[in-house]
Amino acid sequence: MTSQSGNNESKPGFLPIETNWFDRLFISVVIWVALSLFWMRFIEPAGLSVWFAAVISAVLGAYIVWKG
């Protein structure tokens with residue numbers, strides 16, 4: 001039996017898999033950790049603070065949760 005309510009409709013996002021908000025949040029956290037580790041290893045020794053990576057990750061994470 002299919003649901004006729006508008007709350008359960010899933011709109012397609014840019015992610016290649018079907019996700020709910022928690023899945024997209026988890027993907028965002030994994031990206032945050034990976035980018036922070038990459039930043040600390042390669043970019044921070046050049047002089048840029050890891051806070052730049054945190055801001056980039058937060059913006060990217062918000063976009064993924066909202067549009068993904």
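For Phe22, the CZ atom is loosely surrounded, since the number of other residues' heavy atoms within 6.0 Å does not exceed 12.
Grouping the Ile, Leu, Val, Met, Phe, Trp and Tyr side chains by contacts below 4.5 angstrom, directly or via other members, places Ile27 apart from Val29. In this structure, Val55 is not a member of the same hydrophobic cluster as Met40, with clusters built from ILVMFWY side-chain heavy atoms closer than 4.5 Å. Clustering ILVMFWY residues whenever any of their side-chain heavy atoms sit less than 4.5 angstrom apart, transitively, puts Trp32 in a cluster other than the one holding Phe52. Following chains of ILVMFWY side-chain contacts shorter than 4.5 Å, one cannot reach Val33 starting from Ile31, and the two form parts of different hydrophobic clusters.
For the residue pair Ser28 and Val65, the shortest heavy atom distance occurs at OG-CG2, 3.8 Å. Of all heavy-atom pairs spanning Leu35 and Ser57, the tightest one is CD2-OG, 3.1 Å.
Taking CH2 of Trp51 as the reference point, atom CD of Glu44 lies at 11.5 Å (rounded to 0.5 Å). Separating the CZ atom in Arg41 from the OG atom in Ser36 is a distance of 15.5 Å, to the nearest 0.5 Å. Between atom CD1 of residue Ile64 and atom CG of residue Leu15 there is a gap of 6.5 Å, rounded to the nearest 0.5 Å.
The closest donor-acceptor contact from the side chain of Arg24 to the backbone of Thr19 lies under 3.5 Å. For the pair Trp39 (side chain) and Ser49 (backbone), a donor-acceptor distance under 3.5 Å is present.
Centroid-to-centroid, the aromatic rings of Phe38 and Phe42 come within less than 6.0 Å.
At a threshold of 4.5 Å between non-hydrogen side-chain atoms, the residues Asn20 and Asp23 count as touching.
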